Amino acid sequence: MKYEILAKDPLSSARTGLITTEHGTIETPIFMPVGTAGAVKALTMEQVEATQAQIILGNTYHLYLRPGLDILRQAGGLHQFGTWKKPILTDSGGFQVYSLAHRRKITEEGVTFASHIDGSRHLFTPERVMEIERIIGADIVMAFDECCPGDASYQYALNSLNITERWLNRCWEAFSHSEPLYGYQQSLFPIVQGCVYPDLRRRAAENIACLGADGNAIGGLAVGEPTEKMYEMIEVTNEILPEDKPRYLMGVGTPVNLLEAIERGVDMFDCIMPTRNGRNGQLFTRNGIINIKNAKWKDCFEPIELGGASSIDERYTLAYLHHLFKAEEITGLTLASIHNVSFYIKLMAEAREAIKKGQFTQWKTSMIPQLQKRL
């Protein structure tokens, strides 16, 4: 994997660049739609392609449980199984371990957990997760970590970071001594943890910077901590992470969160928000946020968004989309998801253009009040 910085904003840490993988090139800053079980919810791969997505995510925990490793290996990996020809990134299951607190036990060896599907018991070790991610076959794979809550005590966060760093060493060793299965290279990204404690974040970032990985991730944010703390931890971390490698902020967030993080030097994002919120009737637009279930849209025959990012935006009206949600018509979930994913991806394209022009800071300042409005 290669990364090249193309332009930098003169007034901030924002930058635009190119990540080159064997499945294609990714322009950064980039938003990556989440395909938890090998599909972006409610969308076909053709519809995902139409959003101009350049890379999607797969979820190691969910894909391990279903369809399982035997099926994925027989298929030739997730690219072949899901017919997605562009790059894929997989997380390591660390966040799912965090979210299944009542179903798991963490030890030095790894994490024992009960499947949310049938209650069966499984063990994820750093070595096993690397093996699983080799079988899934993503272009970018994540190290196995523990994601601690945003309100964790200092001692909890310290203990969590200690085990995450020991697991990272084991991941690095296992990955370095294994080979890709499908004829193309994979890149391992380590993850900076440390909760909301600057000294822990700095320590984690310094240790990771020494590895010389193809890229680096910032994890354990947007998990209950105040938003300003999240921004502070991004700044602390990015002061240390290598500038010549892409930086990936995991699981974040709103359009405003993305612009604030880009200003602080982040290159890659993923979040379930565009699809999850879309399925619940929330639309993100450049003029503000719409709850399409509200009665005010019942007789609004304006397009979903004039000049929107998707071909559906001027074809369908807000009144029609309101009707689909009220009628519990599944097409409404699809249209809202297409709109939101397309919007996020276009927002990143606009950010890249603003950086190239040396105008990102001014553009971001003008955009944020609009994006925050409730329509």
Side-chain angles (χ1 to χ4, degrees), residues 34-39 41 57-73 77-78 81 88-138 140-153 155-175 178 188-195 204 217-225 248 250-252 270-272 276:
V34 177
T36 300
K41 287 188 185 298
L57 265 70
N59 184 283
T60 295
Y61 165 87
H62 287 281
L63 291 167
Y64 162 80
L65 292 176
R66 227 171 14 198
L69 302 182
D70 288 345
I71 296 296
L72 287 165
R73 190 156 192 169
L78 187 57
F81 191 52
I88 296 176
L89 181 151
T90 45
D91 63 14
S92 64
F95 182 78
Q96 281 62 47
V97 167
Y98 156 78
S99 63
L100 295 171
H102 61 294
R103 291 176 171 266
R104 49 86 166 154
K105 181 180 179 181
I106 301 173
T107 66
E108 188 65 38
E109 182 183 13
V111 179
T112 304
F113 62 90
S115 164
H116 72 286
I117 299 169
D118 59 9
S120 57
R121 305 291 292 180
H122 303 268
L123 172 64
F124 271 14
T125 65
E127 295 81 7
R128 179 60 168 153
V129 168
M130 293 299 94
E131 180 185 9
I132 293 167
E133 293 196 85
R134 285 293 197 194
I135 293 170
I136 295 171
I140 300 171
V141 306
M142 309 308 296
F144 190 50
D145 63 337
E146 189 203 350
C147 175
C148 70
D151 59 356
S153 69
Q155 190 60 49
Y156 185 108
L158 175 60
N159 294 340
S160 175
L161 179 58
N162 287 339
I163 200 166
T164 288
E165 291 185 333
R166 292 194 292 271
W167 286 355
L168 172 59
N169 291 336
R170 289 164 59 190
C171 285
W172 197 259
E173 182 74 10
F175 191 79
S178 64
L188 173 62
F189 281 22
I191 303 171
V192 175
Q193 291 288 353
C195 197
I218 305 169
L221 295 175
V223 288
E225 80 285 353
Y248 163 34
M250 304 179 73
V252 179
D270 79 285
C271 191
I272 61 171
R276 182 193 62 191

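A quick note: this is a predicted structure, and the numbers were derived from the prediction, not measured.
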Can you see which heavy atom on [X] is nearest to which on [Y], and at what distance?
X    : Y    : value
V192 : A204 : CG1-CB, 3.8 Å
G110 : W167 : CA-CZ2, 3.7 Å
C195 : C148 : CB-SG, 3.8 Å
G219 : M250 : CA-SD, 4.2 Å
I88  : G58  : CG2-N, 4.2 Å

Begin from the C-alpha positions of Y64 and H122 and carry the test side-chain contact (heavy atoms from CB on, under 4.5 Å) through to its verdict. CA-CA 10 Å; Y64 162 80; H122 303 268; 2.9 Å; yes
With a 3.5 Å distance limit and no angle check, can you tell me whether [X] reaches the backbone of [Y] through a side-chain donor-acceptor pair?
X    : Y    : answer
S160 : Y156 : no
S92  : A143 : yes
R134 : F175 : yes
T164 : E146 : yes
R276 : C271 : no

Between atom [atom1] of [X] and atom [atom2] of [Y], what is the distance when rounded to the nearest 0.5 Å?
X    : Y    : atom1 : atom2 : answer
F124 : E109 : CZ    : CD    : 13.5 Å
I135 : I71  : CD1   : CD1   : 12.5 Å
I132 : L63  : CD1   : CG    : 10.0 Å
F113 : L123 : CZ    : CG    : 8.0 Å
T125 : M130 : OG1   : CE    : 9.5 Å
M142 : Y248 : CE    : OH    : 5.5 Å

Within a radius of less than 6.0 Å around CZ of R73, do more than 12 heavy atoms belonging to other residues, nucleotides or ligands occur? no
By salt bridge (charged side-chain N to carboxylate O under 4.0 Å, His left out) - contacts of E131 (at least two apart): R128
Do L188 and W172 have side chains that approach each other closer than 4.5 Å (heavy atoms only, starting at C-beta)?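 They are in side-chain contact.
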Do I163 and I106 have side chains that approach each other closer than 4.5 Å (heavy atoms only, starting at C-beta)? yes
Going by side chain to side chain donor-acceptor pair (under 3.5 Å), N59 matches just one of D91, T90, T36. Which one?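 That would be D91.
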Would H116 and Y61 count as a close aromatic pair, with their ring centres under 6.0 Å? yes
What verdict does the side-chain hydrogen bond (donor to acceptor under 3.5 Å, both in side chains) test give for N169 and E173, after you've listed the backbone C-alpha separation in whole Å, the side-chain angles of each residue and the deciding distance to 0.1 Å? CA-CA 6 Å; N169 291 336; E173 182 74 10; over 6 Å; no
Can you pull out every salt bridge (Lys or Arg N to Asp or Glu O under 4.0 Å) where at least one residue sits in residues 156-167? Sequence neighbours excluded, please. E108-R166, E165-R203
Check step by step if side-chain contact (heavy atoms from CB on, under 4.5 Å) holds for L78 and L72. CA-CA 6 Å; L78 187 57; L72 287 165; 4.2 Å; yes
